[in-house]
Amino acid sequence: MRPRIALPADTLDEATNIINERNAAFAPRPAVEAIVKTGGLPIILPSIDPEDVADYLSLFDGVAFLGGADVDPTFFGEEPHVRLGKTYRKRDLFEIELLKQAVAANKAILGICRGLQLINVGLGGTLYQDLSEDPTAQLKHSQAAMGNQPSHHVTVVPGSTLATLTGDRPYVNSRHHQAIKAVAPSLRVTATADDQVIEALESKDTDQILGVQWHPENMYKHHAESRQIFQNFVDRAAARM
Ligand code: MN
């Protein structure tokens, strides 16, 4: 059997006349396809009450936290900055509980963009609510180029898992206005942009968690380094079956 990969769902929050689409749970098609193409079996998990998260745990071997709205800053002890974007507290509550239980149960974990930030907050780190809060952040991290095109380089820490997947200087896309501030105690930085904005985190002592600030699901078809991130994730999940 292929490793089962949980994708906590985003929620359609726009008003619609089609009653069955109201608050519909969905996962981005490129992420679903990247999981399938690298050998995983995707399973979309709608947000439910955190008290019920434990019932999901036996259904998957790995979990990928994907992109979406800003993380509610109350989860890292801050009031909303004037440039905070849209938030959705219900998804945050669900994903933070799912993350904690997945870590404890030794599931393989991948973070993408908001997912990287959610993992950091869930494990005790903090965020810049907007990159204007970081005085050294100078690069364009909300690219105007098409989302499947790279726009800035990152420097990867030698010896990290990420370095074995992307080499030391991948050219990546960038669609974020928030960033990692304080790194959670169990994580370490394994890539930065040239303005020192954190672009990847990994578990300190295991291969359980790898997260990137960019969107490899939009590049995996034409960018071997992005495909390798998914292949490594599905392989890590398979090793835990
Ligand atoms: Mn970036």
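Atoms within each ligand, like the ligands themselves, are counted from 1 in listed order.
- Distance alone, capped at 3.5 Å, places no donor-acceptor pair between the Asp70 side chain and the Leu84 backbone.
- Rounding to the nearest 10°, we obtain 170° for the angle at the Mn ion (ligand 1) between Glu199 OE2 and Ser174 OG.
- Judged by distance alone, with hydrogens and angles left aside, the side-chain atoms of Asp61 form no donor-acceptor pair with the main-chain N or O of Pro3 at under 3.5 Å.
- Aromatic pair His141/His177: ring centres not closer than 6.0 Å.
- By the 4.5 Å heavy-atom criterion applied to side chains, Lys107 and Arg4 are not counted as neighbours.
- In His141, the N, O or S atom that comes nearest to the Mn ion (ligand 1) is ND1.
- Among the backbone and side-chain atoms of Gln213, no N/O/S atom is found under 2.8 Å from the Mn ion (ligand 1).
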